[in-house]
Amino acid sequence: MPVTDQAFVTLATNDVYCHGALVLGQSLRNHKTSRRLAVLITSQVSSAMRAALNTIFDTVVDVNEIDSNDSMHLALLERLELGVTFTKLHCWTLTQYSKCVFMDADTLVLCNIDELFDREELSAAPDSGWPDCFNSGVFVFKPSLKTYNLLLQFANEHGSFDGADQGLLNSFFNNWATTDINKHLPFLYNLSSSVVYTYAPAFQYFGKDAKVVHFLGPSKPWNYKYNPQTRTVIEDGSSSLSNSQLCFLQLWWTTYSSDVLPLLEKTQESSEPQIQREEPNLSGDESKLERGNPATSSSLPANEEHVSETVANSPDELFAKKDDVTSSVSELCIQPNPEVLSAEDERRKWEEGHIDYLGKDAFENIKKKLDSFLL
Ligand code: UDP
Ligand code: MN
């Protein structure tokens, strides 16, 4: 049964972030949410994008852009472009809903997460950079004009310690870290893809249960290049990605190419010809995206030629079949089986000093082996 007074809400202030919003919305639909989908947009969003958003989202709401204009703190964060994230505050004006879950446009849902609506305002997951702060990429809130006005007033009086929405919201809901553990969402509801580096064993152990992946940071999925024929994301030389990060990116791109791109082709056709489409990089061509990004602006390594050759020419070639969408993160991203080595390779690894002290070469296992010889 659809629940009409609750909604997932996202934000896109330009066409580039709309690609993310469309994939997020589609991922919520693929996992059969019973809640409404709403997207906040600003005047910069083109009519072709609006048409596409309208087919996935129940409501597309035009809002004014709010910018923190706090270049000093944003410079410290090294994300000057994030002043406009103050626009997120408009989500509190959606009073047609009794409760909502806000999700950044750079998040991707991996399973049904409707249980989040059992939580109260303000519930969110810890930020991996400073876990006493919540990450504002996913949070449960209750729309209210009173709260909205208080937030604006707070922003005017105190600004934001990071120049973006996350600093502001953490100062406003300042007892999140200490008061009610029910307002702490498990990290699995906002798994930043970089955690794979910072605490790899935890990712290996818990990652299979991830529910939402958040492509936090300056490189977004739409900044990468993708080969639709091999259905692989192409790494460029300037960044090195772990297998797990590549898998998450692949998942985003699978949803994009199988569900969103066909939609964009359609809405593009029906919109005025002068509208210039900005879309993620499907080929080795130069990026057309607004925000400069090292991953797209640097030249591709040796595989560039190969990529241009294999890139599909017709839209049909780009579409993966819907059945092919792999949505289970454990299927794709976790590598549960440690490599199986021959006895000879095993000995060579030992001699080279590659010893798995915590795994098969742990003292316990060596002792067992010795015991078996002795007995
Ligand atoms: N956003 C937007 N336009 C922008 C920058 C951000 O619409 O130019 C929205 C979008 O929903 C995005 C969110 O604000 O997901 C927060 O920004 P971002 O995800 O880039 O920040 P990060 O999660 O990397 O800190
Ligand atoms: Mn984000």
Side-chain angles (χ1 to χ4, degrees), residues 9-14 16-17 20-21 24 40 42 44 63-93 100-107 121-141 147-179 183-185 187 189-199 212-221 223 239 290-295:
V9 182
T10 189
L11 162 72
T13 65
N14 54 47
V16 177
Y17 273 91
L24 165 65
L40 307 175
T42 59
Q44 281 184 54
V63 296
N64 297 329
E65 189 169 292
I66 316 177
D67 197 322
S68 72
N69 288 317
D70 182 356
S71 50
M72 196 180 80
H73 285 119
L74 289 167
L76 190 61
L77 190 66
E78 295 180 29
R79 299 290 300 278
L80 280 171
E81 74 278 10
L82 290 190
V84 294
T85 60
F86 266 31
T87 314
K88 223 185 246 191
L89 301 183
H90 281 293
C91 69
W92 267 273
T93 65
C100 294
V101 173
F102 182 89
M103 302 188 74
D104 267 8
D106 61 343
T107 58
E121 176 173 280
L122 185 289
S123 295
D127 185 79
S128 58
W130 195 270
D132 280 347
C133 285
F134 58 84
N135 182 281
S136 61
V138 177
F139 60 88
V140 183
F141 71 101
T147 313
Y148 173 68
N149 286 320
L150 286 172
L151 277 161
L152 285 188
Q153 192 186 332
F154 190 93
N156 269 330
E157 285 170 14
H158 307 281
S160 161
F161 68 77
D162 65 3
D165 64 296
Q166 180 160 311
L168 173 71
L169 291 173
N170 270 276
S171 303
F172 189 83
F173 294 100
N174 64 358
N175 62 3
W176 174 84
T178 50
T179 310
K183 293 184 177 173
H184 283 228
L185 298 180
F187 191 60
Y189 286 99
N190 186 350
L191 182 81
S192 59
S193 45
S194 61
V195 82
V196 179
Y197 285 131
T198 48
Y199 197 4
V212 177
V213 59
H214 185 179
F215 299 96
L216 183 148
S219 297
K220 302 300 188 199
N223 296 133
S239 60
E290 280 173 6
R291 279 167 42 189
N293 179 299

Which heavy atom of [X] sits nearest to which heavy atom of [Y], and what is that distance?
X	Y	value
His73	Phe161	CD2-O, 3.2 Å
Thr10	Ala105	OG1-N, 3.3 Å
Ala124	Asn135	CB-O, 3.9 Å
Ala12	Ala21	CB-CB, 4.4 Å
Ser136	Asp104	O-OD1, 3.9 Å
Phe172	Thr147	CE2-CG2, 4.2 Å

When you measure from the side chain of [X] to the backbone N and O of [Y], does any donor-acceptor pair fall under 3.5 Å?
X	Y	result
Thr179	Asn175	yes
Ser123	Leu185	no
Asn14	Val16	yes

Looking at side-chain heavy atoms only, is the closest gap between [X] and [Y] below 4.5 Å?
X	Y	result
Lys183	Leu122	no
Phe187	Ser128	yes
Asn190	Val212	no

Calculate, to the nearest 0.5 Å, the distance between atoms [atom1] and [atom2] belonging to [X] and [Y] respectively.
X	Y	atom1	atom2	value
Leu77	Ser71	CG	OG	12.5 Å
Thr93	Leu152	OG1	CG	10.0 Å
Phe154	Leu168	CZ	CG	6.5 Å
Asn149	Leu89	CG	CG	11.0 Å
Ser192	Asp127	OG	CG	7.5 Å

Assess whether side chain to side chain contact (heavy atoms under 4.5 Å, CB included) is satisfied between Asp67 and Phe86, documenting all intermediate values. CA-CA 6 Å; Asp67 197 322; Phe86 266 31; over 6 Å; no

For the ring pair (Phe, Tyr, Trp, His ring centres under 6.0 Å) test, which of Trp176, Phe139, Tyr189 pairs with His184?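 Single ring pair (Phe, Tyr, Trp, His ring centres under 6.0 Å) partner of His184 among Trp176, Phe139, Tyr189: Trp176.
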
Among Tyr148, Phe141, Phe102, the one residue meeting ring pair (Phe, Tyr, Trp, His ring centres under 6.0 Å) with Trp92: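 Running ring pair (Phe, Tyr, Trp, His ring centres under 6.0 Å) over Tyr148, Phe141, Phe102 with Trp92 returns exactly one hit, Phe141.
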
Using side chain to side chain contact (heavy atoms under 4.5 Å, CB included) as the criterion, list what pairs up with Thr87, not counting sequence neighbours.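 Here the qualifying residues are Leu11, Thr13, Thr42, Val63, Glu65, Ile66, Val84, His90.
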
Among residues at least two apart in sequence or on other chains, which ones pass side chain to side chain donor-acceptor pair (under 3.5 Å) with Asp162?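 In terms of side chain to side chain donor-acceptor pair (under 3.5 Å), with neighbours along the sequence ignored, Asp162 is linked to Ser160.
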
Result of checking Leu169, Asn156, Asp165 against Leu151 for side-chain contact (heavy atoms from CB on, under 4.5 Å):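 For Leu151, the side-chain contact (heavy atoms from CB on, under 4.5 Å) test succeeds with only one of Leu169, Asn156, Asp165, which is Leu169.
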
Is atom CD of Glu78 surrounded by more than 12 heavy atoms (other residues, nucleotides or ligands) closer than 6.0 Å?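 No - once you tally the heavy atoms of other residues, nucleotides and ligands closer than 6.0 Å, there are 12 at most.
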
Classify the side-chain pair Gln166/Trp130 by whether it contains a donor and acceptor separated by less than 3.5 Å.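 The criterion, which ignores hydrogens and geometry beyond distance, is not satisfied for Trp130 and Gln166.
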
